[in-house]
Protein chains: 2
Amino acid sequence: MPESYRQEVRDLALFADMDQGHFETLMRGSYVQNFPPRIDLITEGDTPDFLHVVMSGSVDLFSSWNGRETSLATVRPVSTFILAATIKDAPYLMSARTLEKSRIILLPSEDVRNVFEKDGAFARAIVTELSQCYRAVVKNTKDLKLRTSLERLANYLLRQRWRTGSDAFDLTMEKRRLASFLGMTPENLSRAFKGLEPYGVRVHGNHIKITDTEDLARFAKPTPLIDDHST
Amino acid sequence: MPESYRQEVRDLALFADMDQGHFETLMRGSYVQNFPPRIDLITEGDTPDFLHVVMSGSVDLFSSWNGRETSLATVRPVSTFILAATIKDAPYLMSARTLEKSRIILLPSEDVRNVFEKDGAFARAIVTELSQCYRAVVKNTKDLKLRTSLERLANYLLRQRWRTGSDAFDLTMEKRRLASFLGMTPENLSRAFKGLEPYGVRVHGNHIKITDTEDLARFAKPTPLIDDHST
DNA sequence: TCCTTCGCTTGATAAATGTCAAGTCGCCGA
DNA sequence: TCGGCGACTTGACATTTATCAAGCGAAGGA
């Protein structure tokens, strides 16, 4: 087994405090794999084989029903996905595909469950991770149910501004995926960008410039209870 | 401290396997309280004082933003709420109010966190509970983003049919709250019920009768990946 | 360089959903 | 028994959002 990624995994909050022997057990069955862009990693409804850890690149979590599809989240390094399904040994609720070239570590689900049963520190780390995920989804639900698409876009842009620390930034995903993530069509997103021009939003391709943050915020009315993704 | 509710709590999956001494610690600071209907229990944005356990009655979890309000979930006996906020010691993302007369046990958040840090079995039980909650919210998000309001109502009715095991049942909440829960206005819900008549849905007050399940299911296209709330 | 492809935009239109106002109905207390 | 309140319904209308079709324009391959 290559040593190259052992330390990267060990440094993750999820694995940092666990027993060394248990960690070895996990690593023994694990492997790392490089995927090209647009490769399907998992399909919703399947049973978890591996816990996935994204080391580089990015992964789209999405779901389909009745011919429709929606993007639910983007996983960026370094974090895991499908943790809940792995622990419960329940079917995936979302599908996953790489967005770009990605390096992903695979930990056999059964090993993860076995170690989880024995290792209290690991269980506590999982609680922390799951709490974070749970709260993120709740915030997303509030965003969807309480705001119009224009308001969702405005707040999304303010979050990006906060994340990058700059009034000018590039969108981190295609507009079509952003539209899906925000729960609207690409056409509607295009018009929503236009609709935010009066509030000081300039768009050139995927480059965004916010010329009047105060004005945009007055419209968007951001709140940490929806828009602060760190707590 | 009254012994009356000790065993009820101990029997909950969340507390069943934990160390006896730790359980005593939790119970020492706890108390039970009876609330009338429509009483506010917690307000979003506040910091968790107590983990709440609903022993009887029911509690509405909701959220407000910019003068709008939406119902996110109903908590029924016996289960807890605001577990994630308690563990993370982060602000509540939802408000809670009793829907009916309710008996609720309150466990000081700090005690919960202290025991969580020491007790692996408790941590594992929390993981199980949080996984369940997380997956429930993801399913709800898929319901919201992939379905129209008519489809959401149709699938809701099929879930109720499944839950009660009968083609005829009463709605468990006011229509206005059901509308809010399903992400629509009361007016729209009223029309949606009408829109499902051709598929064999009869409504009299809050009594529902499904005369042609096959037909309704053909329209609703339920899937366990959204509608099975047990996994 | 030219051509194709694909994502994006735009316009016209349709469908879904929300808003406002007025009514109906049933329940509960005086 | 009689109001009166509140939830629900209904109709008319406005707004939001989706759909369909056409066109634009940048990126990449022949």
Side-chain angles (χ1 to χ4, degrees), chain A residues 36-38 60 64-71 97 99-101 143-157 170-198 201-208 219-220, chain B residues 36-38 60 64-71 99-101 143-157 170-199 201-208 219-220:
Chain A
R38 300 177 180 276
D60 183 31
S64 305
W65 178 81
N66 195 28
R68 300 165 212 167
E69 182 179 310
T70 190
S71 185
R97 72 165 76 96
L99 288 167
E100 47 192 318
K101 190 168 171 300
D143 194 43
L144 280 169
K145 291 184 79 175
L146 290 168
R147 290 170 170 165
T148 67
S149 60
L150 199 59
E151 290 165 343
R152 291 200 294 279
L153 176 60
N155 280 290
Y156 176 84
L157 294 178
D170 289 334
L171 295 174
T172 58
M173 54 179 124
E174 298 182 280
K175 286 181 180 173
R176 53 166 46 243
R177 279 199 60 247
L178 177 58
S180 178
F181 177 71
L182 294 176
M184 57 177 118
T185 57
E187 295 95 326
N188 194 10
L189 176 64
S190 199
R191 287 166 182 132
F193 273 122
K194 279 235 165 2
L196 290 181
E197 266 177 21
V201 175
R202 299 283 171 76
V203 185
H204 293 93
N206 67 346
H207 187 77
I208 307 293
F219 170 75
Chain B
R38 300 178 179 276
D60 183 31
S64 305
W65 178 80
N66 195 26
R68 300 165 211 168
E69 180 179 311
T70 190
S71 184
L99 289 167
E100 46 193 319
K101 190 168 171 298
D143 195 43
L144 280 169
K145 291 184 77 174
L146 291 168
R147 290 170 170 165
T148 66
S149 61
L150 199 60
E151 290 164 343
R152 290 200 294 278
L153 176 60
N155 280 290
Y156 176 85
L157 294 177
D170 288 334
L171 296 175
T172 58
M173 55 178 123
E174 297 182 282
K175 286 182 180 172
R176 52 169 43 246
R177 277 198 62 246
L178 177 58
S180 179
F181 177 70
L182 294 176
M184 57 178 119
T185 58
E187 294 96 327
N188 194 10
L189 176 65
S190 199
R191 288 165 182 132
F193 272 123
K194 279 237 166 357
L196 290 180
E197 266 177 21
Y199 300 101
V201 175
R202 298 285 172 73
V203 185
H204 294 92
N206 67 346
H207 187 76
I208 308 291
F219 170 75

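In what follows, chains are A, B, ... by sequence order, proteins preceding strands, each numbered from 1. All heavy atoms count here, side chains included; hydrogens, waters and symmetry mates do not.
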Could you identify which residues of residues 178-187 of chain B place a heavy atom less than 4.0 Å from some atom of DNA chain C, listed by residue number, or say none?
Gly183(B), Met184(B), Thr185(B), Glu187(B)

How many Å lie between CZ on Arg38(A) and P on dG7(C), as a whole number?
7 Å

Listed partners of Glu174(B) passing side chain to side chain donor-acceptor pair (under 3.5 Å), at least two apart:
none

For residues 179-198 of chain B, which side-chain donor-acceptor pairs fall under 3.5 Å, sequence neighbours excluded?
from, atom 1, to, atom 2, distance (Å)
Ser180(B), OG, Ser71(B), N, 2.7
Thr185(B), OG1, Asn188(B), N, 3.2

Among all residues two or more places apart in sequence or in another chain, which pass the side chain to side chain donor-acceptor pair (under 3.5 Å) test with Ser64(B)?
none

Just the rounded figure in Å: distance from P of dC25(C) to CG of Asn206(B).
17 Å

Estimated bend of the helix from dT1(C)-dA30(D) to dA30(C)-dT1(D) (axis per five terminal pairs, rounded to 10 degrees):
30°

At under 4.0 Å, does any side-chain N or O of Ser149(B) touch on OP1 or OP2 of dT17(C)?
yes

How many Å lie between CG on Leu189(B) and P on dG18(C), as a whole number?
11 Å

Between the OG atom in Ser149(A) and the CG atom in Leu153(A), the distance rounded to the nearest 0.5 Å is 8.0 Å

Minimal non-hydrogen separation, Val203(B) against Lys175(B), with atom names:
CG1-NZ, 3.7 Å

Output the rounded distance in Å from CG (Leu171(A)) to C1' (dG7(C)).
13 Å

Please write out each protein N/O paired with an N/O of nucleotides 12-14 of chain C under 3.5 Å, distance rounded to 0.1 Å.
from, atom 1, to, atom 2, distance (Å)
dA12(C), N6, Arg191(A), NH2, 3.3

Figure out the CD/C1' separation between Glu151(B) and dT17(C), and round it to whole Å.
14 Å

Expressed in angstrom and rounded to an integer, what is the separation of Arg177(A) atom CZ from dC8(C) atom C1'?
16 Å

What salt bridge (charged side-chain N to carboxylate O under 4.0 Å, His left out) pairs are there with at least one residue in residues 143-155 of chain A, not counting sequence neighbours?
Asp143(A)-Arg147(A), Arg147(A)-Asp227(A), Glu151(A)-Arg68(B)

Rounded to the nearest 0.5 Å, what separation is found between the CG atom of Leu178(B) and the OG1 atom of Thr172(B)?
8.0 Å

Kindly write out the residues that satisfy ring-ring contact (aromatic ring centres under 6.0 Å, His included) with Phe219(B), not counting sequence neighbours, or none if the list is empty.
Tyr199(B)

Just by distance, do the side chain of Asp60(B) and the backbone of Leu99(B) share a donor-acceptor pair under 3.5 Å?
no

How close or far is atom P of dT19(C) from atom CG of Asn188(B), stated in whole angstroms?
10 Å

Shoot me the first and last contacting nucleotide of DNA chain D against chain A, ordered 5' to 3', at under 4.0 angstrom to non-hydrogen atoms.
dT17(D) to dC20(D)

Using atom CZ of Arg147(A) as one end and atom P of dG18(C) as the other, report the distance to the nearest whole Å.
17 Å

